[in-house]
Amino acid sequence: MLPSHSDRNPIPSALSGFHRHELTGRPLNLSATLASGQNFRWRQDSERIWWGVIGDLAVGVWQEAGQPDSPLFWQTFPEPGRWEVIADYFRLEVDLEALYAAWSRAEPRIADALTAFRGLRLLRQPPVECFFAFQCAACNTVVKIERSVSQLAARYGEPLAVSRPPAVAANPGEERIFYTFPTLEALAQADERALRADLWGYRAPRVIALARHLLSLSPDWLASLRQASYAEAHAALTALHGVGAKLADCICLFALDKDEAVPVDTHIRQIALRLFLPDLAGKSLTPRVYSALADAYRARFGPYAGWAQQYLFFAELRRADAYRDPALSGAAD
DNA sequence: GCTTAACCTGGACGC
DNA sequence: GCGTCCAGGTTAAGC
């Protein structure tokens with residue numbers, strides 16, 4: 001079960017008990033995927049093992065840094081061996097090489113980002129978690145979003161029983177407690193003052209109101225949008241008070257399998273103005289401009305435009321020095 | 001249909 | 001130490 005030794009990156013001893021999965025033909029750049037701003041709850045420990053929560057499972061994953069074709073080492077807690085959950089979450093069914101070829105033909109200027117972050121994948125996140133995590137994103141910083149979302153889970157989620165809790169870098173030797181993301185029922189009964197104390201600020205009452213509204217529709221309403229078209233899902237989401245076009249696109253792309261969704265935030269806007277639509281520079285981000293920018297990505301990158309924009313987005317983040325991990329790609333090792 | 005201000009808050013920055 | 005600005009947006013009012 002344990003891997004062979006590697007001189008470049010010693011296999012962490014903490015991987016004892018982990019499984020090994022060969023990513024044959026399905027590259028995965030673990031660090032780029034988990035640090036590219038899709039999800040705010042994954043953390044790396046001192047041995048560079050990534051720890052997160054998928055649904056009701058705590059998950060540990062490790063891969064040799066900058067080697068998207070190297071094996072993935074993984075384990076789930078408290079129920080071990082749930083590979084199907086990990087494969088689904090990281091969307092390993094998607095053939096990246098075919099996408100790279102098509103994107104490069106359509107827009108050669110994406111080549112550097114593809115090379116730097118080869119194996120970056122979009123996640124298939126639980127819809128409720130994605131919906132509320134990105135509620136926190138408005139006028140906020142990534143560090144604060146991560147803190148707010150983690151505190152929300154700790155306050156209103158359920159602790160996960162991990163039989164052999166991993167130590168995490170920030171607190172060596174301390175047992176790490178994992179929490180599920182809160183249910184709609186828990187969020188509907190949340191205390192606004194507590195949320196404000198957790199840095200949710202003016203977003204706090206909106207979170208509670210949205211949870212109550214979603215419950216009134218159906219506990220499974222968000223997940224049911226996976227069966228809808230992109231246009232239908234986007235329209236349904238933006239009809240909710242507090243959900244604009246950008247947030248709707250984040251949920252569509254990161255949780256609802258709408259691969260053509262392009263969340264136009266400040267970074268994606270700047271990239272599009274620089275590469276595709278310089279004539280729109282100086283224009284306010286009205287709904288019409290938002291659509292024009294997103295359509296520009298879709299016109300070039302097709303039905304997986306949302307994946308392509310994630311590469312450009314992450315490259316822009318790194319340029320802006322807004323990333324935390326210096327070893328996200330092979331070039332960085 | 002576009003522009004603007006308000007909404008929380010902590011960190012970076014200039015003075 | 002203090003003031004100002006900014007950060008992965010959304011909404012409503014005013015024009």
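What you are looking at is a predicted structure, and each value in this text was computed from that prediction instead of being measured.
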Roughly, in whole Å, what's the span from CG in Leu237(A) to P in dG9(C)?
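Checked: the CG to P distance equals 17 Å.
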
Aromatic ring proximity, centroids under 6.0 angstrom, Phe117(A) and Tyr311(A):
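No, they do not, as the ring centres are separated by 6.0 Å or more.
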
With respect to the phosphate group of dT3(B), does any side-chain polar atom (N or O) of Ser284(A) fall under 4.0 Å of OP1 or OP2?
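Result: yes.
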
Any side-chain N or O of Arg288(A) below 4.0 angstrom from OP1/OP2 of dG1(B)?
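Indeed, a polar side-chain atom of Arg288(A) lies that close.
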
Roughly how far apart, to the nearest Å, are dC8(B) and dC2(C) at atom P?
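One P to the other, the span is 24 Å.
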
Taking dC2(B) as the reference, what is the distance to dG8(C) when you measure between their P atoms (whole Å, please)?
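Going atom to atom, P in each nucleotide, I get 25 Å.
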
Reading DNA chain C from 5' onward, which residue's closest nucleotide shows up sooner: Asn140(A) or Ala248(A)?
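Closest to the 5' end, via its nearest nucleotide, is Asn140(A).
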
Under 4.0 Å, counting only non-hydrogen atoms across every strand here, what does Phe40(A) touch: a base, just sugar-phosphate, or nothing?
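If one applies the 4.0 Å heavy-atom cut-off, Phe40(A) turns out to touch a base.
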
Could you give me the stems involving DNA chain B, meaning stretches of three or more consecutive Watson-Crick or G-U wobble pairs whose two defining distances are both below 3.5 Å?
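Looking at DNA chain B, the stems formed by three or more consecutive pairs are B:1-7 with C:9-15, B:9-15 with C:1-7.
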
Under the rule for side-chain contact (heavy atoms from CB on, under 4.5 Å), what residues qualify as partners of [X], not counting sequence neighbours?
X	result
Pro219(A)	Leu215(A)
Asp257(A)	Arg91(A), Arg124(A), Arg226(A)
Pro205(A)	Glu192(A), Arg196(A)

Is there a chain of hydrophobic side chains (I, L, V, M, F, W, Y, each step under 4.5 Å between heavy atoms) that links Leu199(A) to Leu187(A)?
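Cluster IDs for Leu199(A) and Leu187(A) differ.
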
When you group the ILVMFWY residues by side-chain heavy-atom contacts below 4.5 Å and let the links chain together, are Phe77(A) and Trp62(A) in the same group?
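Per the 4.5 Å side-chain linkage, Trp62(A) and Phe77(A) are co-clustered.
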
How about Arg203(A) and Ser148(A): does a side-chain donor come under 3.5 Å of a side-chain acceptor?
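Absent: no donor and acceptor within the cut-off.
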
Find every protein N or O atom lying less than 3.5 Å from an N or O atom of nucleotides 11-15 of chain C, and list the pairs.
residue: dT11(C); atom: OP1; partner: Gly242(A); partner atom: N; Å: 2.4
residue: dT11(C); atom: OP1; partner: Val243(A); partner atom: N; Å: 3.2

Of the residues in residues 126-139 of chain A, which ones touch DNA chain C at a heavy-atom distance under 4.0 Å?
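Those residues are Phe134(A), Ala137(A), Ala138(A), Cys139(A).
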
Check every atom of dT9(B), dG9(C), dG8(C) against the side chain of Tyr202(A) and return the nucleotide holding the closest atom.
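Side chain of Tyr202(A) sits closest to dG9(C).
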
